[in-house]
> 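Take a look at the following structure, please.
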Number of protein chains: 2
Amino acid sequence: MKEVAKNDGKKDSAVFGHGKGPRDKKHKMERFLEVCLLVLLYDEAGYGYGLIEGLEGFGFSREELNVSTLYRTLRKMEKEHLVSSFWEEGGPGPRRRVYEITSEGKGNLDQWMNILEGRKKRIEKLINKYDEKTGFRKEEGE
Amino acid sequence: MKEVAKNDGKKDSAVFGHGKGPRDKKHKMERFLEVCLLVLLYDEAGYGYGLIEGLEGFGFSREELNVSTLYRTLRKMEKEHLVSSFWEEGGPGPRRRVYEITSEGKGNLDQWMNILEGRKKRIEKLINKYDEKTGFRKEEGE
DNA sequence: TTGTCTATATTCATTTAGAATATAGTTATC
DNA sequence: GATAACTATATTCTAAATGAATATAGACAA
């Protein structure tokens, strides 16, 4: 048997132009929630439920926020050492697992910002192209 | 047995603030490729392989573009009547399936632009917050 | 006529994510 | 002090999205 199609050997390391972005794996370009959480935790610890409020500040509506996703994401980030957690002592109500960003998390965040800048530019490019083709329906409709 | 958690009845129709965005289903916020294709086809028909070049104009690198995804996406868009296709007659080389945008596709694109505007603003908000917290490392590092 | 290239299409496995459900301590209410 | 309602965290189930590999086939060159 002979190979049907040859591999030009260019299929790997295709990460947005970065050899290895945050968290190494080729990001499928949507861990926006993750970045938001890192920014929120940057200067202030927080717990799962409580972070929802902060996320609203980034445009997430309370309805579209999925609590499972939120907790799952936080645990995953801890496994990757981007954040660390501890059980809050005392305090009223059920105990809370409080998260803090790690220095690794901060470095990661820094790289994320570059990716987001790029993503923003792509969106702008697309919008401009669209406006061009449709005759600038809206001029800087900011 | 009794129900453990009550449902506050607010879990549905959580689509970015739009009752029903393009293509009705709650978009998981990443069909950027799809939108790029619609913009490319807006004023000029194109075929799968040939569209790759145009996509590069939006920041996709040739390596990160996945051909399977490209074709899969085009067929899906046709199934949804956002584009239509025909086999190119004559011409050198293997036959090509040429895609054209439909009027439905154009309407869809219009809605996508709103979503992208929103997405852009979210990113900006996030970047600003980050810069705030880290002390404006880069001032409009455009 | 064999091999290579262009072009399209499909299959397979993994990842991502939403919905639902599970667990459990806290506080209010009767 | 039993029960209900609430806060908080966690996991399971399923479906959608996606990358990689593979399949198919005609055109063209050697």
Side-chain angles (χ1 to χ4, degrees), chain A residues 1-16 23-34 46-53 60 63-79 85-99, chain B residues 1-16 23-34 46-53 60 62-80 85-99:
Chain A
M1 58 191 68
K2 62 197 72 167
E3 47 212 319
V4 180
K6 52 106 205 52
N7 186 341
D8 63 358
K10 283 181 187 167
K11 290 287 184 67
D12 48 352
S13 73
V15 189
F16 261 78
R23 307 217 289 84
D24 156 304
K25 23 181 2 187
K26 349 196 152 184
H27 53 285
K28 300 228 183 38
M29 91 187 287
E30 201 37 72
R31 239 117 37 195
F32 193 65
L33 176 64
E34 199 173 311
Y47 66 100
Y49 229 79
L51 285 162
I52 293 178
E53 190 181 357
F60 288 93
E63 298 91 54
E64 85 184 290
L65 266 172
N66 189 299
V67 191
S68 336
T69 305
L70 174 60
Y71 280 103
R72 200 196 291 128
T73 303
L74 285 168
R75 303 313 301 274
K76 190 188 63 176
M77 287 164 70
E78 179 162 33
K79 215 183 302 173
S85 74
F86 59 89
W87 286 103
E88 191 182 47
E89 302 292 339
R95 75 233 174 291
R96 300 166 172 175
R97 184 188 285 277
V98 176
Y99 288 92
Chain B
M1 54 186 68
K2 63 199 69 169
E3 47 211 321
V4 180
K6 53 113 204 47
N7 185 340
D8 63 0
K10 282 180 189 168
K11 290 287 184 69
D12 49 351
S13 73
V15 190
F16 261 78
R23 309 216 292 84
D24 155 306
K25 23 183 0 187
K26 348 195 152 183
H27 53 285
K28 299 228 184 38
M29 89 187 294
E30 202 37 77
R31 240 118 35 196
F32 193 65
L33 176 64
E34 199 174 307
Y47 66 100
Y49 230 78
L51 285 162
I52 293 178
E53 189 181 359
F60 288 94
R62 204 168 280 259
E63 300 90 54
E64 84 184 293
L65 265 172
N66 188 299
V67 191
S68 338
T69 306
L70 174 60
Y71 281 103
R72 199 196 290 128
T73 303
L74 285 168
R75 303 312 302 273
K76 190 189 64 176
M77 287 164 71
E78 179 162 33
K79 213 183 304 171
E80 291 161 348
S85 75
F86 60 90
W87 287 104
E88 192 182 45
E89 302 292 339
R95 76 230 175 292
R96 299 165 172 176
R97 183 189 286 277
V98 176
Y99 288 92

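Throughout, protein chains are lettered first and strands after them, A, B, ... in sequence-line order, and every chain is numbered starting at 1. As a basis for the values below, the full set of heavy atoms in this structure was taken, side chains included, without hydrogen atoms, waters or symmetry mates. These numbers come from a predicted model, not from an experiment.
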> How long is the line joining CG of B/Leu70 and P of C/dA9, in whole Å?
10 Å
> Atom NZ of B/Lys76 and atom C1' of D/dA17: how far apart are they, to the nearest Å?
8 Å
> Measuring to OP1 and OP2 of D/dG26, would you say a side-chain N or O of B/Arg95 lies under 4.0 angstrom away?
no
> Heavy atoms, side chains only, cut-off 4.5 Å: are A/Met77 and A/Arg72 in contact?
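No. Closest side-chain heavy atoms not under 4.5 Å.
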> Are A/Tyr49 and D/dT9 close enough that a side-chain N or O sits under 4.0 Å from OP1 or OP2?
no
> Nearest 0.5 Å, please: how far is CG in B/Leu70 from OH in B/Tyr49?
10.0 Å
> Just the rounded figure in Å: distance from P of D/dT7 to CZ of A/Arg97.
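To the nearest whole Å, that distance equals 20 Å.
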> What is the distance, rounded to the nearest whole Å, between atom CZ of B/Phe32 and atom C1' of D/dA17?
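The distance from CZ of B/Phe32 to C1' of D/dA17 comes to 17 Å, rounded to the nearest Å.
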> Measure from CG on B/Leu65 to P on C/dA7 and round the result to the nearest Å.
15 Å
> Any side-chain N or O of A/Arg72 under 4.0 Å from OP1/OP2 of C/dG18?
no
> Return yes if the base of D/dA20 and the side-chain atoms of B/Ser68 contain a donor-acceptor N/O pair under 3.5 Å, otherwise no.
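Checked by distance alone, the answer is yes.
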> Between B/Thr69 and B/Pro94, which residue's closest nucleotide on DNA chain C lies nearer the 5′ terminus?
B/Pro94
> Can you tell me how far C1' of C/dT26 sits from CD of A/Glu88, to the nearest Å?
14 Å
> To the nearest Å, give me how far apart CH2 (A/Trp87) and P (D/dT7) are.
17 Å
> Can you check whether B/Tyr71 has a side-chain N or O nearer than 4.0 Å to OP1 or OP2 of C/dT8?
yes
> Test B/Thr69 against every option in B/Leu65, B/Val67, B/Asn66 by the side-chain contact (heavy atoms from CB on, under 4.5 Å) rule and name the one that passes.
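Running side-chain contact (heavy atoms from CB on, under 4.5 Å) over B/Leu65, B/Val67, B/Asn66 with B/Thr69 returns exactly one hit, B/Asn66.
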> When the distance from CG of A/Asn66 to P of C/dT21 is rounded to whole Å, what number comes out?
14 Å
> Tell me the closest heavy-atom pair linking B/Tyr99 and B/Arg75, and the distance in Å.
OH-CD, 3.0 Å
> For B/Thr73 and B/Glu34, which I'm curious about, is there any donor-acceptor pair between the side chains at under 3.5 Å?
no
> Of the listed nucleotides (D/dA8, D/dG26, C/dT8), which one gets closest to any side-chain atom of B/Tyr47?
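Looking only at side-chain atoms, B/Tyr47 lies closest to C/dT8.
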